[in-house]
Amino acid sequence: MVSRRGFLAGLALTPVVYAVGCAARVTETAAGSRPLPIPPLAPSTVGADGVRRFALHALSGTTEMVRGKQTPTWGFNGAILGPTLRARRGEQVAVDITSALPEPTTVHWHGMHLPARFDGGPHQPVAPGATWSPTWTIEQQAATLWYHPHPHGATEKHVYRGLSGFFLLDDDAADALNLPSTYGVDDIPLVIQDRRLTPAGALDETKSTGIGMLGDTIITNGIADSHFTATTERLRLRLLNGSAGRMYNLAFADNRPFQLVATDGGLLTKPVEVTTLQLSPGERAEVVVAIHPGDTVALRSLPVTDRAGIDRAKEFGFDDTFDILTLRAAPTLRTSPAVPATLIPMTPLAAPGTPATRTFDLQWFMINNQRMDMARIDMSIPVDSTEVWAVTNKDNWPHNFHIHDVQFQVIAVDGNPPPPTLSGWKDTVYTAPNHTYTLAMRFADHTDPTFPYMYHCHLLHHEDQGMMGQFLVLAPGQVAAPMAGMSHH
Ligand code: C2O
Ligand code: CU
Ligand code: CU
């Protein structure tokens, strides 16, 4: 286990090689639930240039997602998922990505503010046998981000096969809050995904619904039916909906309250106490839950209550209940400090009533009546501008909205103040039918006349079907110079 202390101490040394801590390996015991696998912290080295370097190798293998079944899967540095990358604000990072997959993939840094040419979207394919080495400086606050493939038209399949990992960012302000932060002990990453297996145990990629491949089996950190043994009075869970299209409405089986402390882009200004929390695909949340000695309690997904305007809720899985993970508390627990009453300040980017400068209508597999075209730039945005976007779901289907490069603030929902759960930094927001979400964001740094960033629905089937657009961030006087020969389609 690489402790928090060890992690911080390691930063002072160069070069540093992190030992792989808790391997994502599962000990077979008798029938029943298995221990939750914790993705290992990715080893990294810091060279004389000060750059923290990671390596990711995309490969295929088999995983016992469901006990007794060997399922062919894809993963980074292992058969499924990937190691947790971790870096501090201000650090320069580089990732050497190689692929042994049979087809091109990409690795996108979801939630990261970084140059468009290193964003890992559809314009940065990694061919089989090739190496891609993006590098950038971490210039944003502590947050739970993630990485996943983004190949044009094939994102759902690549993610479904298992390619996803966490990218955790640290900073001094977050450290000072004394939240649970010992990785794998009281600070637990949980990627929640749904899968459907054939009788032979292979991934069933044939049965698609209007929201894409919808599974009937929940895997958490890559396996079904797992438990975690808590040894502390409080646990911080870093929740990621890594599913293609399924929504989760998370709660504890005994309805105990928990504190939402962070959303996609980092910590909230203050904790928000809730008993349920809805996450749409791609969204993250950090929550802190109190544990009592001897507790056994399941983290569940309950039927989705936020379903107004959805015409086929059952088909989309909104009626389902699943266990995500069982928490078992040790008989005695180590003391955890209380969650502070205030967390990280946030300066509003725009007053609540600010009119939108751009509108985005989500309907069918289109945004503003257009499908994604790799060779079409939908918008050019001047650098150092704050924009206000109004996003409306005009369908009777669920959608959400994700923007690359930036974190945004939800300044209004249908003109009203957003609920407290949407009071912090977001990069992906659920958009219920017939509602308008007004988002404010600032485009800074990383101008590029050639390589665009994406915005899209993060229901991956919808994204693959073309519910996506592209924007450039331009310096003053810079002229868009798209992409001769860049279009693959
Ligand atoms: Cu999580 Cu454009 O992606
Ligand atoms: Cu993204
Ligand atoms: Cu959608």
Side-chain angles (χ1 to χ4, degrees), residues 18 20-28 34-44 54-67 69-86 95-110 120 125-132 134 144-151 154-168 183-184 188-198 201-205 213 215 217-224 226 238 240-244 281-282 460:
Y18 291 147
V20 175
C22 20
R25 182 178 0 95
V26 169
T27 316
E28 281 308 308
R34 293 178 286 175
L36 176 77
I38 304 292
L41 287 170
S44 63
F54 300 91
L56 290 176
H57 186 52
L59 46 84
S60 51
T62 56
T63 304
E64 194 176 359
M65 293 196 301
V66 171
R67 190 183 275 281
K69 291 193 171 171
Q70 295 296 332
T71 302
T73 52
W74 289 356
F76 295 103
N77 304 0
I80 194 170
L81 300 174
T84 297
L85 278 56
R86 194 155 196 174
V95 190
D96 297 316
I97 294 159
T98 56
S99 173
L101 299 176
E103 58 188 81
T105 191
T106 84
V107 179
H108 166 58
W109 318 102
H110 180 129
V126 184
T131 302
W132 180 57
T144 300
L145 310 185
W146 66 302
Y147 59 95
H148 65 80
H150 214 301
T155 294
E156 182 183 34
K157 182 177 79 175
H158 286 219
V159 172
Y160 192 76
R161 290 183 178 179
L163 295 166
S164 297
F166 284 93
F167 201 136
L168 307 185
Y183 185 80
I188 313 297
L190 292 179
V191 49
I192 304 166
Q193 299 171 305
D194 59 333
R195 297 291 182 267
R196 182 184 295 275
L197 301 184
T198 67
L203 285 168
D204 185 347
E205 297 175 1
M213 293 173 209
T217 301
I218 300 301
I219 59 169
T220 305
N221 293 355
I223 69 167
S226 61
R238 298 180 188 250
L240 159 62
N241 181 347
S243 303
L460 301 180

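None of these values were measured; they are calculated from a predicted model.
Side-chain atoms of Thr98 do not come within 3.5 Å of backbone N or O of Thr131 as any donor-acceptor pair. Judged by distance alone, the side chain of Ser99 and the main-chain N or O of Leu101 form a donor-acceptor pair under 3.5 Å. Under the 3.5 Å distance criterion, the side-chain polar atoms of Arg86 are left unmatched by any main-chain donor or acceptor of Ala42. Remark: the backbone N or O of Val191 is paired with a side-chain donor or acceptor of Asn221 at under 3.5 angstrom. Put simply, the side chain of Asn77 gets close to the backbone of Ala55: a donor and an acceptor are under 3.5 Å apart. Judged by distance alone, the side chain of Glu156 and the main-chain N or O of Met213 form a donor-acceptor pair under 3.5 Å. Of the possible polar contacts, one joining the Gln193 side chain to the Gly242 backbone as a donor-acceptor pair under 3.5 Å is found. Proximity of a side-chain donor or acceptor of Ser164 to a complementary backbone N or O of Val159 within less than 3.5 Å is not detected.
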Step by step, would you call Leu56 with Tyr147 a side chain to side chain contact (heavy atoms under 4.5 Å, CB included)? CA-CA 11 Å; Leu56 290 176; Tyr147 59 95; 3.6 Å; yes
Could you walk me through whether Arg238 and Leu168 pass the side chain to side chain contact (heavy atoms under 4.5 Å, CB included) check? CA-CA 10 Å; Arg238 298 180 188 250; Leu168 307 185; 3.9 Å; yes
Would Ile219 and Thr63 count as a side chain to side chain contact (heavy atoms under 4.5 Å, CB included) here? Give the steps. CA-CA 11 Å; Ile219 59 169; Thr63 304; over 6 Å; no
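The two atoms that bring Met65 and Arg34 nearest to each other are O-NH2, 2.9 Å, heavy atoms only. Summarising the geometry of Leu163 relative to Ala58, their closest heavy-atom pair is CD2-CB, 4.4 Å, with the distance given to 0.1 Å. Minimum heavy-atom separation, Ile223 to Ser226: CD1-CB, 3.8 Å. Of all heavy-atom pairs between Ile97 and Val126, the closest is O-CG1, 4.2 Å. Residue Tyr160 comes nearest to Asp194 through the heavy atom pair CE1-O, 3.6 Å, listed as atom of the first residue, atom of the second, then distance. Closest approach of Pro189 and Pro39 over heavy atoms only: CG-CD, 4.0 Å.
When side chains are defined from C-beta on, Phe76 counts as touching Val107, because their heavy atoms get closer than 4.5 Å. Considering only heavy atoms from C-beta on, Thr71 stays 4.5 Å or farther from Ile80 through its side chain. In this structure the side chain of Leu240 never reaches within 4.5 angstrom of the side chain of Thr144, judged on heavy atoms. Looking only at side-chain heavy atoms (C-beta outward), Leu145 and Leu85 stay at 4.5 Å or farther from each other. Using a 4.5 Å heavy-atom cutoff, the side chains of Trp132 and Pro125 are not in contact.
In this view, Gln70 and Thr62, Glu64 satisfy the side chain to side chain contact (heavy atoms under 4.5 Å, CB included) rule, not counting sequence neighbours. By the ring-ring contact (aromatic ring centres under 6.0 Å, His included) test, His158 is found to be paired with Trp74, residues two or more places apart in sequence or in another chain being considered.
Relative orientation of the His110 and Trp146 rings is tilted, given thresholds of 30° and 60° on the angle between their planes. Relative orientation of the His108 and His150 rings is perpendicular, given thresholds of 30° and 60° on the angle between their planes.
Once rounded to the nearest 0.5 Å, the distance linking CG of Asp204 with OG1 of Thr217 reads 10.5 Å.
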